[in-house]
Each structure stands twice: as structure tokens, then as C-alpha cells.
Amino acid sequence: MLADYAVRVETSRGRRFAELQHPYRNDFQRDRDRVIHSRAFRRLEAKTQVFTRRYSDHFRNRLTHTIEVAQIARTIGAQLGLNVQLAEALALAHDIGHPPFGHAGEKALDTVMRRHGLFFDHNLHALRIVEDFELRYAAFRGLNLTFEVREGIIKHSHDYTVAEHPELAEYLLDQRPPLEAQLIDLADEIAYNTADLDDGFEAHLLSLDQVRDGVPELDRFYQEADQKYPEVHDKLKFNEALKRILDGFVSDLIQNTQLQLAQARIKTVDDVRRCGQRLATFSPPIEEQRRKTKAFLYENLYFSSALDPEKNDAEQIVTALFDFWMAHPEDLPQSYQEKAEAEPLARIVCDYIARMTDSFIYDQHQKYCA
Ligand code: MG
């Protein structure tokens, strides 16, 4: 069933701590299950993706976004003959390092860390979560995930160098990740580019005319839906158009990746790893469509003043709490106070804030900074 260039669980570089094999779940299935049963995964439910609950409780949050990414990744992975269990584990883990308040929270946390000569990066934070913060096993800290899952976490949408991050040297930073990891970046983009058009329209932050003007493919599919179903509500025509956009991205990614694999004569996982560039890519016209859709969303949705209240909260609350705990480390939970003996206090405060849900950080702000 697996293509020759798929990752095979039997050839995994394995876990940090040896464990007995499970009688009927392989190591990638177990890693997927470990991610689902982690606390960090459960907290995604109360973390903002783009819209807070102020708008609606049927918009995406980071958990439902993650489930959409996993669904898209499974479809693409299966069609390409990749290891779907590995792809699913990576998709489910891809956002667990995100702090509260979406990208605004991430930016705020990074800004306060830079004042202490440090920085915040959600991939590195995700690695700390699965390596250290999740306490579920008597024999070791963390989730003891396989190398391939940890590597995929660290290579999500980012290339680190050994010169900058010697601590990551074990992750073969001079090599491309396997296709299972490569496709997660694009499944993520497909999921949020389409979902944010959907939620933005539903939230009345994007008008139908605005989206049809800004995203030509949506306009074309909308016209087709309008001809076929002239009597239905605009939102249903919009849905029809959006589904075709999503399907177009997915189908193009499958076909173009197959083409790239054939052109580069890729036979094995090692060929994928040693290739000069990532092979899971859109064709040039669809890549252009992806880029323009994303630019449209930045200009009209992510940077829209309607979302300013949450962004301002992110900046003020993260900064105030960070400064509070830097001045009053005795008010951190005991386990964090102990960690601060071995690592810079700023890093520990950052770890504590990064794990929080939107609701918990609001409560903490009320408690300490109001
Ligand atoms: Mg994501």
C-alpha cells in the first residue's frame, strides 16, 4: 500500500527511551494517540485561531482547525501512498506550541522575550511540550515520541540551521523532512485559507463582493453555483465555491507532488531527504492563487480593525503578566519556580504563559494585574 518514498514505521529511528512494542498499534499510531491524549492538545479547544468566542462559538478554534488539517493531510497522504498514520500524528501536533490569542499572542510573547535577549518560537515550544512538559509516564518526562514525529514538529513551515540551533543537530537540519511532514505545511495553508474566508464571510467582516473581487477563483465558482442553484441563499453558493477551491488546492497538491517526484526521479525516503528542495508543492498557477488568497486575507481580515480588540488584549495581557511574574516569581506555580533554578526566569515565565488558553490567561490577568 505504501509508496517506496513513504516513511515505514519499521525503519523509524525510534524513541529516546526504549519501550516494548504494543501488540496491535504501531509506533506512529501510538504517537498519534499520545498527541490526542495530551493536555496541550486538549487546550487547543480554548485557544484562538483567528476569531475569539466574541464572534461565534461555531467558528474555528485551534482544535477544530487542527482536525481539519488532519483530515486534509490524511486525504493527500493516502492518495500519494504516504504513511497516513505519521501524517496524521504530525497534523494533530502541528499547532500545539501556539500560545493564547492566536498570532497576536505569539508576537506579544516574542516581543517581551526579546527584551531579555531571548525569543519565542512555536515549533521550538511544541518540541519542549512533547519532550518535557507533558507528564504522563512514570518512566520518563514528555511523550517519548518517535524521531520522525519530533523531526516533523521542528520542520513545520520553518528551516532551522545547526549554526543557529546546535541543540537541534540530531534532526538532520541539512536534509528535507519526509513527504509526510512536508505536506502538513500545505494542508495547514489549505485549511486556514479556506476556513478564514468562510468564517470571515460568516462574521460579516468580509462581504460577498469583497471576496469575489479579491479572490477571482471564488468569483468564478460562485458564478457557476449561481447558474446551477439560482434560488438558494448566497451563503450556500459561497459554500459551493469554497468547497471547489479547497478541492482544487488538494487535487493540485497531489498531482503536482507526483509530478515533482517523477521529475526528480525520487524512489526512496532518502531521495526525498537529500533532494535540494521540498517536493510537496503546488503547481505555479495554484501557488500564485494560494499566495494571492493569503495576501487578501492579511489585508482584509487579519489586519482589519475589527480584530483589534483581541490583538490589543493579547499585547497588554501577555506583557502585563510576563512583567508581573518576572517581578514576582514566587507567584508562579511551585513546579515553575523549581524549573527557574535551572533555566532563565524569562524562559520559564514564557513557557507558563504559552501553555495557557485564552480564558485562563484572562483569569490570571484579573487575578494579578487588574
Ligand atoms: Mg495551523
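We use all heavy atoms of the structure for the numbers below, so side chains are in, but hydrogens, waters and symmetry mates are not. Atoms within each ligand, like the ligands themselves, are counted from 1 in listed order.
Shown are Arg25, Arg15, Gln85, Arg150; of these, the side-chain hydrogen bond (donor to acceptor under 3.5 Å, both in side chains) with Asp31 is made only by Arg15.
Nearest N/O/S atom of Asp188 with respect to the Mg ion (ligand 1) is recorded as OD1. Taking the Mg ion (ligand 1) as reference, the nearest N/O/S atom within Asp95 carries the name OD2.
The pair Arg244-Glu224 meets the salt-bridge criterion, with a side-chain N (NZ, NE, NH1 or NH2) lying under 4.0 Å from an Asp/Glu carboxylate O. Between Glu106 and Arg62 there is no salt bridge, since no side-chain nitrogen of the basic residue lies less than 4.0 Å from a carboxylate oxygen of the acidic one.
At least one N/O/S atom of His94, whether from backbone or side chain, sits less than 2.8 Å from the Mg ion (ligand 1).
Ring planes of Phe201 and Phe238: parallel class, angle under 30° (limits at 30 and 60°).
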